[in-house]
Student: 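Here you go, one structure.
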Amino acid sequence: MILKLNKQQIRTALEEAYDHYKDNTEGKNADYIPFLAGVPSRLFGIAACLPDGELIAVGDTDYAFGIESVSKVPTALLAMHQYGAETVLRQIGADATGLPFNSIMAILLENDHPSTPLVNAGAIAACSMIRPTGASDAKWKAITEFIEALTGSRIAVIDELYRSESETNFNNRAIAWLLRNYGRIYDDPELSLDLYTRQCSLGVTARQLAVMAATIASGGVNPITHLKVFDAALTPKITALMATVGFYEHTGDWLYATGLPAKSGVGGGILAVVPGVMGLAAFAPPLDEAGNSVKAQKALAQIADRLSLGLFNTTHGIVTEAERSLVEA
Ligand code: DON
């Protein structure tokens, strides 16, 4: 994708979106995980990370919030990195469920057909795939080291959030055991569930998510550390998953509005990838009824519109000499 944007245009778009939505009070914090209900609802931050590593940040971009379902992106990538994209497709799948992120019905409906690593069932299955099998601590190390390589910085579990999730994750426990029933989990169900719960409880900032998004946008090279984290061939695979199911049953609405692959979490974070161009992230705790941050969605949609970032736009791309002469004629 070829886009002619300067840094000032990007900064202005972020600042305008921030100013436009900062007083929006729509939506409600997640409360089915008690810790999340207590996070200050007014927090709001937007960050962009460019291919040269420059970060443009507005608002509360240093506040560490629960990564939640955004963690499904790095773990799906790690599973692809360890096994290859085809194996992940075969063992988990790439189809949207069209149902809520924690749907049991989706597992029952698709018991002969896997779904996607970006809903709870597929994410627990992705955690189960991470090598080495059976070794909880080593698997956890692999997951966190991979996320740290993507963000280029240290991350840590928010202990209180982990406790809060562990004490209330009965639905996810049912999912893990149902996967076991259908032979679609590849390690011990309780171990896999605990890894999933722990990864959801990691604290991240909007800046860190923007760097993660930029690493994906740059084909696996972290723009800050310059380290190669994963093969460039995986960027179109993970962005395809994000585009098809990143906002669960509201994914079509999101894609229609922005044209961008992105992933939300019930902590209020959204990570959006503009392949070859930049990584974007936004954070604001109040959610819509599908579990996606209201303000973060609105702000990123305005930015995508102002900067013509949508992947389906025809306003950018390679213009051949023949086309140029037609346009200029
Ligand atoms: O498993 C759960 O329900 C949470 N730990 C994560 C769900 C989530 O973030 C859904 N995304 N919008």
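Numbers here are sequence positions counted from 1. Remember, predicted model here, so these are calculated numbers, not experimental data. Each ligand, and each atom within it, is numbered from 1 in the order the structure gives.
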Student: Side chains of Leu260 and Leu300: closer than 4.5 Å at any heavy-atom pair?
Tutor: no
Student: Is there any N or O on Gly267 that sits under 3.5 Å from an N or O of ligand 1?
Tutor: no
Student: Atom 12 (N) of ligand 1: which protein heavy atom is closest, and how many Å away?
Tutor: Gly291 O, 3.0 Å
Student: Checking a contact table here: which protein heavy atom is nearest atom 7 (C) of ligand 1, and how many Å away?
Tutor: Ser69 OG, 3.0 Å
Student: Mind running side-chain hydrogen bond (donor to acceptor under 3.5 Å, both in side chains) on Ser41 and Asn29 for me, showing each step along the way?
Tutor: CA-CA 7 Å; Ser41 299; Asn29 282 33; 2.9 Å; yes
Student: For Tyr18 and Phe44, I'd like to know if the aromatic rings sit close, meaning centre-to-centre distance below 6.0 Å.
Tutor: yes
Student: How long is the straight-line distance from OH of Tyr248 back to CG of Asp253, given to the nearest 0.5 Å?
Tutor: 15.5 Å
Student: Which atoms of ligand 1 have any heavy atom of Glu165 under 4.0 Å away?
Tutor: 5 (N)
Student: I'd like to know if Arg42 and Asp23 make a salt bridge, using a cut-off of under 4.0 Å between side-chain N and carboxylate O.
Tutor: yes
Student: Please classify the Cys200 to ligand 1 contact at 4.0 Å (heavy-atom distances, strictly less than): side chain, backbone, both or neither.
Tutor: side chain
Student: Should the proximity of Asn120 to ligand 1, defined as any heavy atom under 4.0 Å, be assigned to the side chain, the backbone, both, or neither?
Tutor: side chain
Student: Between Lys295 and Glu26, is there a side-chain N and carboxylate O pair less than 4.0 Å apart?
Tutor: no
Student: Would you mind listing which atoms of ligand 1 come within a distance below 4.0 Å of any non-hydrogen atom of Tyr196?
Tutor: 1 (O), 2 (C), 4 (C), 5 (N), 6 (C)
Student: State whether Asp187 and Lys139 are salt-bridged, where the test is any N-O pair (Lys NZ or Arg NE/NH1/NH2 against Asp/Glu carboxylate O) under 4.0 Å.
Tutor: yes
Student: Hey, does Tyr32 come in under 3.5 Å of ligand 1, counting only N/O atoms on both sides?
Tutor: yes
Student: In terms of atom number and element, which parts of ligand 1 are under 4.0 angstrom from non-hydrogen atoms of Ser264?
Tutor: 11 (N), 12 (N)
Student: For ligand 1, indicate whether the residue Asn172 contacts it via side chain, backbone, both or neither (heavy-atom separation under 4.0 Å).
Tutor: side chain
Student: Is the shortest distance from a Lys or Arg side-chain nitrogen in Arg11 or Glu15 to a carboxylate oxygen in the other one below 4.0 Å?
Tutor: yes
Student: Is the shortest N/O to N/O distance between Glu68 and ligand 1 below 3.5 Å?
Tutor: yes
Student: For Phe101, is at least one N or O under 3.5 Å away from an N or O on ligand 1?
Tutor: no
Student: Test Val266 against Leu36 for side chain to side chain contact (heavy atoms under 4.5 Å, CB included), laying out the working first.
Tutor: CA-CA 8 Å; Val266 289; Leu36 296 178; 3.8 Å; yes
Student: Any idea which atoms of ligand 1 are less than 4.0 Å away from a heavy-atom of Gly265?
Tutor: 9 (O), 11 (N), 12 (N)
